[in-house]
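Everything numeric here is computed off the predicted structure, so don't read it as measured data. No hydrogens, no waters, no symmetry mates; every other heavy atom, side chains included, goes into these values. Residue numbers start at 1 and run along the sequence shown. For ligands, and for the atoms within them, numbers begin at 1 and follow the listed sequence.
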Amino acid sequence: MSNLMQSDILQQLEDLRQQAITALTSTSTTEETRAWHSEYLGRKGRLTGILRSVGAVSPEERPRIGKLANEIKTALEEALQERQTAIEQAELEAARNKELIDVTLPGRPQTLGKMHPSTRTLREIADIFATMGFLVYDSPEVETDEYNFQLLNMPPGHPARDLWDTFYTTTPDVVLRTHTSPGQIHAMRQYAPEPIRIILPGKCYRYEQVTARSESMFYQVEGLAVGKNITFSDLKGTFMNYASQMYGEGRKMRFRKHYFPFTEPSVEVDIDCVICGGKGCNICKYTGWLEILGAGMVNPRVLEYGGYDPAEYSGFAFGLGPDRMTMQKYDINDIRYFFSNDVRFLERIG
Ligand code: DAH
């Protein structure tokens, strides 16, 4: 009886080993291996269950059973460990595959912002003048009457002030700059007596009726060169170079005498119309010419205000209106689009 019991139990143990191994090979997740462990090796598991009946076997026979049971336990634990490692590996691999980026998927379209046409023109101008050694100089949009007018040779009551419809603020003598020219004084006072080659791009403000052709806020690009032996030829050469870079080689250029309080002599500069080539069209108002800037040799008094001795130093200055250039370039017929914040305006411009 006891022999039978022993072989019975040994058989049960062998069966258990077989079944456990088979069951283990069909586990494929960590949860399943955990369940497997408690079924076969757990405290209430089948191995323990078999060993419980060992009490019925005679003491001499127990060691053989114990030995086999231990052997099976170790073997199953090792097999579990192996299985567990394989499953973890597979789970990791699966997770990795799930997160894999499919590089062949078409991208989601991005709405790209565009540069405002005014900014584009300003950058183009700055790039061109940079080739001639002009730095960009920043100066304030809020100015004093002194900087906006007096130091530019327009004392209080000077009739030329009427050319600029000024926004006066509630603080006496503080104005929104009507032009970028006061920046000349800031720059000269900062650099004197060193030579200067700068452009000053920025917004200006005028108290004006807003129409398709004029806004109360607009851009100007001022330019200033000060040094020894600067002549009108330098002014001309600079503009020729600028015009050919901006509008193409071989532009015709003409200088008309003009008056500005801060330059002497003063000119307005035209190029042959970029649209009709000088034949006459509605852009050039059938004159064949487009005005591109106002300029002149810096008035000696302005040089002095800037801290340069006019007996030793000279210079030229200019002011150009980038908004008009932008309108011509992109065929925009209403300046109010620039600041009306309608994105369709930006989208239209390539
Ligand atoms: N400040 C002038 C204006 O707003 C433009 C200008 C003309 C600037 C001649 C200059 C210059 O520096 O030399 O109309």
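Salt bridge status for Asp165 with Arg206: absent, with no side-chain N to carboxylate O gap under 4.0 Å. A salt bridge links Lys228 with Glu312; the closest basic N to acidic carboxylate O contact falls under 4.0 Å. The pair Arg348-Asp331 does not meet the salt-bridge criterion, since no charged nitrogen lies less than 4.0 angstrom from a carboxylate oxygen. Using a 4.0 Å cut-off between charged side-chain N and carboxylate O, Glu71 and Arg17 make a salt bridge. Taking the charged nitrogens against the carboxylate oxygens, Glu39 and Arg46 do have a contact shorter than 4.0 Å, which makes a salt bridge. Of the charged side-chain nitrogens involved, at least one lies within less than 4.0 Å of a carboxylate oxygen, so that Glu124 and Lys329 count as a salt-bridged pair. The pair Arg96-Glu93 meets the salt-bridge criterion, with a side-chain N (NZ, NE, NH1 or NH2) lying under 4.0 Å from an Asp/Glu carboxylate O.
Proximity of His258 to ligand 1 is not established, as no heavy-atom distance is less than 4.0 Å. Taking a 4.0 Å cut-off on heavy atoms, Arg206 registers as neighbouring ligand 1.
Distances between N or O atoms of Thr178 and those of ligand 1 include no value under 3.5 Å. For a threshold of 3.5 Å applied to N or O pairs, the pair formed by Ala317 and ligand 1 contains at least one separation below that value.
Protein heavy atom closest to atom 12 (O) of ligand 1, with residue, atom name and distance, is Glu222 OE2, 2.6 Å. At the top of the distance list for atom 5 (C) of ligand 1, counting protein heavy atoms only, stands Gly319 CA, 4.2 Å.
Heavy atoms of Phe262 found under 4.0 angstrom from ligand 1 belong exclusively to the side chain. Contact annotation for Ala295 and ligand 1: only backbone heavy atoms (N, CA, C, O) come within less than 4.0 Å of the ligand.
Close approach of ligand 1 to Gly296 (heavy-atom distance below 4.0 Å) involves ligand atoms 13 (O). Here is the list of ligand 1 atoms found below 4.0 Å of a heavy atom in Gln220: 3 (C), 4 (O). Ligand-side atoms of ligand 1 in range of Phe260: 7 (C), 9 (C), range being under 4.0 angstrom from any heavy atom. Within ligand 1, counting atoms from 1 as listed, the ones closer than 4.0 Å to a heavy atom of Ser181 are 1 (N), 8 (C). Within ligand 1, counting atoms from 1 as listed, the ones closer than 4.0 Å to a heavy atom of Gln184 are 12 (O).
Using a 4.5 Å cut-off on side-chain heavy atoms (C-beta onward), Gln84 and Glu88 make contact.
Note: Tyr247 and Tyr242 have perpendicular aromatic rings, judged against thresholds of 30 and 60 degrees for the angle between ring planes.
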